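Here's the structure we're looking at; comments come further down.
Start at 1 and go down the list; that is how both ligands and their atoms are numbered. On a predicted model such as this, the values are computed, not experimentally measured, just so you know. Just so you know, these numbers use all the heavy atoms, side chains as well, and skip hydrogens, waters and symmetry mates.
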Amino acid sequence: MALPDDFKAALSSWASGVSVVTTNANGLLYGLTVSSFTSLSLDPPLILVCIDNRNRFPTMVTEAGGFAVSILARDQEAASNYFASSGRLPTPNFTTIEGEWTEAGQPAVKGAAAHIVCKLHDQLQRGDHTIIIGEVVEARTDDSKMPLLYWKRGYRTVTT
Ligand SMILES: Cc1cc2nc3c(=O)[nH]c(=O)nc-3n(C[C@H](O)[C@H](O)[C@H](O)COP(=O)(O)O)c2cc1C
């Protein structure tokens, strides 16, 4: 098999949701788009995301001790593109994409289909990514929102 192209092509067949993980480390806000969000455990309530080791997010989460996951709604492609663009720097305020504060003091994307707020549980560096495990302290859902999906390198949604 001609890895890694065959590997990437196979992975692109996996339809996923699109989320933005955000954190507030010493008053600096930062986030990035991730499709690697997964539920891990119900008791205790744990979730995980896998983040490229070159990204500043794992270091910032260690400093912050927590983070939020915003599960994007289908009208939030602009937020996904913004938080996937290269070279964004941490900022003291929300910029470009409207944000809101969770009760636990983490920044999140406004208008998302759901928010999950976590306390940092563990971080494991494996290969070129870091698995960040969060213990869920807050979860909120807007049932009126349809999800944004990612499949075969493009945005999709569900039709119901
Ligand atoms: C739909 C989608 C899903 C993504 N999922 C992940 C992911 O799970 N983990 C990750 O590290 N990067 C993921 N990325 C890429 C990051 O969002 C992107 O590399 C990062 O925001 C670039 O910022 P930087 O160059 O400043 O590090 C994804 C991008 C898109 C568009």
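Counting only distance, with no hydrogens or angles, the side chain of Thr22 and the backbone of Pro107 share a donor-acceptor pair below 3.5 Å. Side-chain atoms of Thr157 come within 3.5 Å of backbone atoms of Pro147 as a donor-acceptor pair (strictly under, hydrogens ignored). Under the 3.5 Å distance criterion, the side-chain polar atoms of Glu103 are left unmatched by any main-chain donor or acceptor of Val117. Within the 3.5 Å criterion, the main-chain N or O of Thr130 finds a donor-acceptor partner in the side chain of Asn53.
Heavy-atom contacts of Phe83 reach the following atoms of ligand 1: 17 (O), 21 (O) (cutoff under 4.0 Å). Taking a cut-off of under 4.0 Å to the non-hydrogen atoms of Tyr150, the atoms of ligand 1 that pass are 1 (C). Near Asp52, meaning under 4.0 Å from any of its heavy atoms, are these atoms of ligand 1: 11 (O). Applying the 4.0 Å criterion to heavy atoms of Ser85 picks out, from ligand 1, the atoms 22 (C), 23 (O).
Among protein heavy atoms, atom 26 (O) of ligand 1 sits closest to Gly87 N, 3.2 Å. Looking only at heavy atoms of the protein, atom 5 (N) of ligand 1 is closest to Ser35 N, 3.0 Å. Ranking the protein heavy atoms by distance from atom 23 (O) of ligand 1 puts Arg88 NH2, 3.3 Å first. At the top of the distance list for atom 27 (O) of ligand 1, counting protein heavy atoms only, stands Asn55 ND2, 2.9 Å. Nearest to atom 19 (O) of ligand 1 among the protein's heavy atoms is Ala84 O, 4.5 Å.
Across all non-hydrogen atoms, the minimal contact from Leu120 to Ile133 is CD1-O, 3.7 Å.
Distances from atom 30 (C) of ligand 1 to the heavy atoms of Val34, Ile51, Thr33, Thr130 put Thr33 nearest. Evaluated by nearest non-hydrogen atom to atom 10 (C) of ligand 1, the leading choice among Pro58, Ser36, Cys50 is Cys50.
Classification of the Phe57-Tyr30 ring pair by plane angle, with boundaries at 30° and 60°, yields tilted.
The cationic group of Arg156 does not satisfy the cation-pi geometry with Tyr150, failing either the under 6.0 Å distance to the six-membered ring centre or the 45° limit from the ring axis.
In this structure, a donor-acceptor pair under 3.5 Å is present between the side chains of Gln123 and Thr62.
At a 4.0 Å cut-off, at least one heavy atom of Tyr30 sits close enough to ligand 1 to count as contact.
In this structure, Lys152 places its NZ atom where more than 12 heavy-atom neighbours from other residues, nucleotides or ligands lie under 6.0 Å away.
Proximity of Phe37 to ligand 1, defined as any heavy-atom pair under 4.0 Å, is not found for any part of the residue.
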